[in-house]
Amino acid sequence: MRIILLIFFLISFTDLNAQKYTEQYIQEANVIGLNWWEDFNNKNYIDSYNSLDISLKERFTIDSWENQVKRLMNEIGFLQKRSIINTHFQSEIDGLEDGFYVFIEFQVSYSNTKNHLEYLILKQNDKFEWKIISFEWEFQNLK
């Protein structure tokens, strides 16, 4: 009986410890994600670019990044409000290497859009830094 209790205790302790780190990862990634969108909205193009994972930097030069962000901001208008509505952690994503991934969904209000949602996926790199590996949005124009 003692062995069963000991095994149960060890399993419970391991699960609690893993959950503690998962919550920490989510909190860290949420801060990075909010800061990234803030850089994005405040025209801090270099900072927002530097927060991208190398896989995205291979698709954009800093100049093409800046041009695309400016075009998008002209279309959607000024930020009025942003809040996190969903966030979760995963260690596996189909088609990607195993790692630490955090998914964040934001409800957003811009001056020229309605029903605006933004999505980020962040991955912790080998230097324990959270980097943006995916960003998406969906919205309807007010016009």
Side-chain angles (χ1 to χ4, degrees), residues 4-143:
I4 293 173
L5 288 174
L6 180 62
I7 291 171
F8 178 74
F9 174 76
L10 290 174
I11 290 172
S12 298
F13 180 75
T14 302
D15 286 344
L16 288 174
N17 203 24
Q19 185 174 355
K20 178 181 107 176
Y21 285 112
T22 298
E23 290 301 317
Q24 178 183 339
Y25 296 148
I26 288 171
Q27 289 175 0
E28 290 172 359
N30 284 345
V31 169
I32 299 297
L34 284 168
N35 288 339
W36 185 77
W37 282 117
E38 187 175 311
D39 286 338
F40 192 91
N41 293 127
N42 291 324
K43 301 178 183 179
N44 297 328
Y45 305 119
I46 292 174
D47 290 342
S48 66
Y49 182 81
N50 287 335
S51 294
L52 299 176
D53 183 70
I54 190 70
S55 61
L56 289 177
K57 287 181 180 176
E58 290 172 349
R59 292 177 33 204
F60 302 102
T61 65
I62 186 64
D63 291 332
S64 67
W65 174 254
E66 184 174 343
N67 289 334
Q68 289 186 11
V69 171
K70 284 180 181 178
R71 246 182 308 182
L72 175 67
M73 295 311 297
N74 285 336
E75 180 180 353
I76 64 178
F78 298 101
L79 176 68
Q80 298 170 331
K81 181 181 176 185
R82 174 181 288 115
S83 58
I84 295 173
I85 58 174
N86 189 19
T87 184
H88 70 276
F89 173 86
Q90 283 183 215
S91 59
E92 298 176 352
I93 298 177
D94 287 342
L96 297 176
E97 64 185 347
D98 289 353
F100 297 152
Y101 298 92
V102 173
F103 294 72
I104 310 170
E105 181 180 2
F106 303 88
Q107 178 73 48
V108 190
S109 296
Y110 281 97
S111 57
N112 296 341
T113 66
K114 63 181 180 178
N115 302 323
H116 196 119
L117 296 172
E118 295 172 338
Y119 307 92
L120 287 181
I121 303 174
L122 293 92
K123 180 180 190 281
Q124 193 177 73
N125 66 18
D126 58 353
K127 296 177 184 170
F128 305 103
E129 300 169 323
W130 290 100
K131 295 292 185 176
I132 310 299
I133 65 165
S134 176
F135 58 93
E136 296 180 19
W137 45 82
E138 59 184 60
F139 57 86
Q140 296 172 319
N141 287 321
L142 284 177
K143 299 174 184 182

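Evaluation of the ring pair (Phe, Tyr, Trp, His ring centres under 6.0 Å) rule for Phe60 yields Trp65 as partners, not counting sequence neighbours.
Dense packing is recorded around CD of Gln140, with more than 12 heavy atoms of other residues, nucleotides or ligands lying under 6.0 Å away. Enclosure of atom NZ in Lys43 is not indicated, since only 12 or fewer non-hydrogen atoms of other residues, nucleotides or ligands lie within 6.0 angstrom.
Salt-bridge formation is not detected for the pair Glu75/Arg71: no Lys NZ or Arg NE/NH1/NH2 atom is positioned less than 4.0 Å from an Asp or Glu carboxylate oxygen.
A heavy-atom distance below 4.5 Å is found between the side chains of Glu105 and Leu117. Side-chain contact check for Tyr45 versus Lys70: some heavy-atom pair is nearer than 4.5 Å. The shortest distance between side-chain heavy atoms of Val69 and Tyr49 does not fall below 4.5 Å. With a 4.5 Å cut-off on side-chain heavy atoms, Trp137 and Thr113 do not count as touching.
With hydrogens and angles left out, the side-chain atoms of Glu28 and Gln24 include a donor and acceptor closer than 3.5 Å. Counting only N and O atoms by type, the side chains of Tyr110 and Glu118 include a donor and acceptor under 3.5 Å apart.
Not a single donor-acceptor pair under 3.5 Å links the side chain of Ser48 to the backbone N or O of Asp39.
Checked against the 6.0 Å centroid criterion, the rings of Phe103 and Tyr119 do not qualify as a close aromatic pair.
In plain terms, the two heavy atoms of Ile62 and Ile46 that are nearest each other are CD1-CA, 3.9 Å. Across Asp98 and Glu92, no two heavy atoms sit closer than the pair OD1-CG, 3.4 Å.
Taking CG from Leu52 and CG from Leu122, the interatomic distance works out to 10.0 Å, rounded to the nearest 0.5 Å. To the nearest 0.5 angstrom, Asp47 atom CG is 12.5 Å from Trp36 atom CH2.
Of the candidates Asp53, Asn30, Val31, Val102, Val102 is the only one forming a side chain to side chain contact (heavy atoms under 4.5 Å, CB included) with Trp130.
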